[in-house]
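When a ligand or atom number is given, it counts from 1 through the structure's own listing order. Residue indices begin at 1 and follow the sequence shown. The shown structure was predicted, so the numbers you read here are calculated from the model rather than taken from an experiment.
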Amino acid sequence: MTKLAVFSSKNWVINSFTPLKDQYDIDITYFETRLDSKTASLAKGYEVVCIFVNDEANAAVLTQLKEAGVKLIALRAAGFNNVDIEKASELGIGVVRVPAYSPYAVAEHAVGLLLTLNRKYHKAYPRVRDGNFALEGLLGFDLHGKTIGVIGTGKIGQIFAGIMKGFNCEVLAYDKFPNDKLSSQGIEYVELEELYRRSDIISLHCPLTYETYHMINEMAINTMKQGVGIINTSRGKLVDSNAVIEGLKKGKVGLLGLDVYEEEEKLFFEDLSDAVIQDDVFVRLQTFPNVLITAHQAFFTREAVGNIAETSFSNIREFLETGKCVNQVLPRK
Ligand code: NAD
C-alpha cells in the first residue's frame, strides 16, 4: 500500500480524496499545514507527498523530502511554479501535476469577476436586501463592442476568449506560442505592447515564469488605456501590486479583479477574520471601490475538484508502476 502525505488539507480535499483510497490502494495522512522547510519533516516515511498551489517545494524543502524518503510530489494543481523542478530532477524525485481539471471553472470565474466589477453586483446585493433601491453608483458599461486582451491562449485563455466572443467583444490575444486555430475564429494575435494599448479589459492566463514575473508593472500600465480593466486569475506574481495601486490611484486602472495575489501564501485558504492582516499592500488594494478580490477560488467547482482527485491518484499510480507519467513535469532542456 502506497503511503501518501497530503499537505494543505482542507475539507474539500479530504472529501474528494478519501473515497478513492481503496480503489488506488493508498494509505492517506492529511496534514492541515502547508509544506515548507518547517513542516517537511512530517513527510518522513511517506513515498508520495501531495501539495497545492501555496505549498513550498524549493531546493531546501526538496532536500529534506529526499532525506525523508519521498519519491514523488503529486501536485493537485496545474501550475508548478512553487516546485524547483531542476532540483527535484537532480534528487531523483518525480513531479506530477493535474494539467487540466476544469479550464471552464477558471475562465468562467474570470468572466464573473469582470461582470461583477462592471455591473457592481457585489454592491447591489446588500443594497437591495437593505431596502435601498437607488441606482446611484451602479452605472456600468456594455461589454458588447469592447476590446478584450487575452494574455496566454492555452486551455483557460481560449475558453475565456470564446466567452468574450459570445458577448460580441473584439478579442486580441498575445501568446508566446500563438494558436492558428484561434486566429481562424476571429481572435487577433498582436504584440504585447499593442494589446496593452488597444484593450479595454486585459485578462491574464499565462503561467508564472521568469519572463512573466511582474509583467503588469508600471511601464505596462502606462501603455494601457485610461480606465483599463485588469483581471488576474492566473498567478499573483504576474502583477506588481504596488504599480497597480499607483495605477488605481491615478484612475489609469479602472477595474481590478484578482483571484490571485503575489503574497497570497500568507493569507489565502485560511479564515483570518479574527486576525490583524499584516500585509499593507493587500489591505490597500481592498480599500478601492473598483477592486474585487477572491481568494484563489477560480478552480473551485464540483467538476474540477472531482477531476483533481481522480487525476492525482491516477498520476501517482502511473508513476509508481512505470517510473514515469503522462502528467510528469520535467526540467527544461
Ligand atoms: P496552459 O498551459 O494551457 O496555457 C498557458 C498559455 O500561456 C500557453 O498557451 C502558453 O504558450 C502561454 N505562455 C507561456 N509563456 C508565455 C508568455 N511569456 N507570455 C504569454 N503567454 C505565454 O495553462 P492553463 O491551463 O490555461 O492555465 C493558465 C494559468 O492559469 C496557469 O499557469 C495557472 O497559473 C492558472 N490557474 C489558475 C487557477 C485558479 O484557480 N485561479 C486554476 C488553474 C490554473
Side-chain angles (χ1 to χ4, degrees), residues 8 10 12-13 51-55 75-83 85 97-114 149-164 171-183 185 187 189-196 199 202-217 220 230-239 257-262 264-265 267-269 292-308 311-312 326-330 332:
S8 299
K10 298 285 175 209
W12 69 267
V13 182
I51 63 172
F52 199 44
V53 291
N54 290 333
D55 291 294
L75 279 153
R76 53 180 186 280
F80 48 86
N81 52 281
N82 52 335
V83 181
I85 302 298
R97 67 180 184 127
V98 183
Y101 30 93
S102 172
Y104 304 101
V106 183
E108 289 168 12
H109 190 76
V111 178
L113 288 174
L114 171 56
V150 181
I151 302 180
T153 52
K155 291 175 286 297
I156 297 168
Q158 285 183 40
I159 293 164
F160 178 81
I163 299 172
M164 289 295 105
V171 180
L172 305 179
Y174 171 76
D175 196 298
K176 227 178 140 181
F177 308 98
N179 177 345
D180 293 342
K181 195 182 93 199
L182 293 190
S183 307
Q185 292 168 4
I187 288 157
Y189 278 101
V190 292
E191 287 306 315
L192 201 49
E193 200 266 345
E194 184 176 347
L195 183 145
Y196 289 154
S199 301
I202 294 170
S203 192
L204 305 177
H205 300 287
C206 58
L208 173 65
T209 64
Y210 65 95
E211 278 174 314
T212 59
Y213 174 82
H214 278 189
M215 69 188 300
I216 305 298
N217 54 21
I230 300 174
I231 307 290
N232 186 11
T233 55
S234 194
R235 282 291 179 267
K237 288 185 172 64
L238 297 179
V239 173
L258 300 178
D259 185 54
V260 287
Y261 169 64
E262 55 178 324
E264 70 178 51
E265 295 82 358
L267 300 169
F268 288 5
F269 306 133
L292 178 61
I293 307 176
T294 52
H296 212 134
Q297 71 171 81
F299 74 97
F300 201 47
T301 63
R302 275 197 295 274
E303 291 79 1
V305 164
N307 290 338
I308 287 172
T311 310
S312 296
V326 61
N327 294 324
Q328 193 167 353
V329 188
L330 295 166
R332 268 180 296 157

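Under a 3.5 Å cut-off, the side chain of Thr212 and the backbone N or O of Pro207 do form a donor-acceptor pair. Not one N or O on the side chain of Lys155 forms a donor-acceptor pair closer than 3.5 Å with the backbone of Ala100.
Judged purely by distance below 3.5 Å, without hydrogens or angles, the side chains of Thr301 and Tyr104 never pair a donor atom with an acceptor atom.
Ring-plane geometry between Phe299 and Trp12 is classed as tilted, the angle between the planes lying from 30 to 60 degrees on a 0 to 90 degree scale.
Pocket lining of ligand 1, defined as residues with a non-hydrogen atom under 4.0 Å away: Tyr101, Val106, Gly152, Thr153, Gly154, Lys155, Ile156, Tyr174, Asp175, Lys176, Phe177, His205, Cys206, Pro207, Glu211, Thr212, Thr233, Ser234, Arg235, Asp259, His296, Ala298, Phe299.
Of the candidates Lys176, Arg235, Met215, Met215 is the only one forming a side chain to side chain contact (heavy atoms under 4.5 Å, CB included) with Cys206.
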Report task. I would like to know whether Leu208 and Leu238 meet side-chain contact (heavy atoms from CB on, under 4.5 Å); could you show each step before the answer? Result -> CA-CA 6 Å; Leu208 173 65; Leu238 297 179; 4.1 Å; yes
